There are 2 protein chains.
Amino acid sequence: MVIVEVLKALADETRIRILNVLYKETLCVCDLEEILKLNQSNASRHLTKLKNAKLITGTKQAQWVYYRVNEKILEEYSFVNELLKKELDKIPQCQKDVARLKKYKERGGSCEKNVRIDDN
Amino acid sequence: MVIVEVLKALADETRIRILNVLYKETLCVCDLEEILKLNQSNASRHLTKLKNAKLITGTKQAQWVYYRVNEKILEEYSFVNELLKKELDKIPQCQKDVARLKKYKERGGSCEKNVRIDDN
DNA sequence: AAAGTATATGATTAAAATCGAATATAGTAA
DNA sequence: TTACTATATTCGATTTTAATCATATACTTT
C-alpha cells in the first residue's frame, strides 16, 4: 500500500518539521542541520526516508544536495497538500522553525557559508 | 504534536482498512473481526489506537462496542477528510474489504448473530 | 596528491510498535 | 449463581524505528 508508506514517512515529528521548512524553501542538508538543529547523519537519514516516499526531491550541485517538496505528490495526493498547506503552520514548533529559517536567511545563510543562528 | 499522533495512528495498513469500513458503516469489534479477518485482540488494540487519536468513537451497548469514524476530526483536520474521502476507495485491498462488508450485511451479519462470510 | 567539506551509509543501542495466546473484565443468558 | 459471550488488557517474543558515532563516498581546494 503506497499510501501507507507515505503516511509512515509523515508520521514522525522531525520529518514533519523538515517538510514544513522545505515547503517554504529549497534547502540543502547543512541548511537543515543548522535551522532545525539536527545531527548530520540523522538529517540525511530522514531526508532519505522522505525522498523514498516521493515527498521530496533532491538535486545534487557540487558537493551539496538541495531538497524541496515534490509538487507532483501534492497533486497526486490532495490530503498531503491539505496537510502541508493547512496544518503545519498551526504547530508551535513549526512556527519556531520558520522563524529560524527567516533568521538564517537574513544572515545570508547558505551552503557555501558557515552561518550560525544561535549565538552561543 | 497532536498531528503526528494522528498520522502515526493512520500509518498502518490494518488501521487504514478499519477506517475504510468504519467510514461506510458503524460496526462492532466482532463485525470487524469477521469482515477483515482480524484476530480479536489485535482488532481491539488497533481500535484503541484509533480511538486514542480521536479518529473513531466507541459506543457501548450491552456487551458490544460499536465504533464509527469521528466526524468531528474530519472537520478539524481536512487532510484526514481528504484521505478518507478521496484515497481509500482507490486501494485494491480496501475495495475488497468493502465488498466483504456488503456480503456480510447481505447475509444479515451483526453482533447478535454469528454470521460467516467465507464458506470454509 | 593531500587536505578539507558535504553527505550517505554502516554499526550499534535503545525505544517503540506489532502480533497471537492467555487472561481479566463486563454484560447477558440459562 | 453459573455458564457463556464480547472486548480489553497482559504477557512474551519479534520486528521496526529513531538516534548517534564512525566511516565511506563524492566533490572542491590547496
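Worth saying up front: this structure is predicted, and the values here are computed from it rather than measured. Letters go in sequence order (proteins before strands), and every chain restarts at 1.
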Can you name the closest pair of heavy atoms from A/G58 and A/Y67 and give their distance? CA-CD2, 3.6 Å

List the atom of B/A53, the atom of B/E5, and the distance in Å for their closest heavy-atom pair. CB-O, 4.2 Å

Would you say A/R15's side chain and A/H46's backbone share a donor-acceptor pair under 3.5 angstrom? no

Just wondering, more than 12 heavy atoms not from A/K102 lying within 6.0 Å of its NZ? no

Do any of residues 42-54 of chain A sit with a heavy atom less than 4.0 Å from DNA chain C, and if so which? A/S44, A/R45

For A/E71, the side-chain contact (heavy atoms from CB on, under 4.5 Å) test, sequence neighbours excluded, returns A/R68, A/L74

Considering all heavy atoms, the nearest A/I117-A/R107 contact: O-NH1, 3.3 Å

Tightest non-hydrogen contact, residues B/L22 and B/I56, listed as CD1-CG2, 3.9 Å

Heavy atoms within less than 4.0 Å of DNA chain C: which residues of residues 6-35 of chain A have one? Give them sorted by number. A/C28, A/V29, A/C30

Provide the full list of salt bridge (Lys or Arg N to Asp or Glu O under 4.0 Å) pairs with a residue in residues 42-54 of chain A, sequence neighbours left out, each pair given once. none

Taking only side-chain N and O atoms of B/Y67, does any of them lie within less than 4.0 angstrom of OP1 or OP2 on D/dA8? yes

Just so I know, are the side chains of A/Y23 and A/K85 near enough to count as touching, which here means a heavy-atom distance under 4.5 Å? yes

Residues which pass salt bridge (Lys or Arg N to Asp or Glu O under 4.0 Å) with B/K37, listed by chain and number, not counting sequence neighbours: B/E34, B/D118

Just the rounded figure in Å: distance from P of C/dA6 to CG of A/N39. 15 Å

Using a cutoff of under 3.5 Å, can you pull out all pairs of nitrogen or oxygen atoms linking the protein to nucleotides 23-30 of chain C, with atom names and distances?
none

Comparing B/C111 and A/L38 on DNA chain D - which has the more 5′ nearest nucleotide: B/C111

Any N or O donor-acceptor pair linking the side chain of A/S41 to the base of D/dC21 at under 3.5 Å? yes

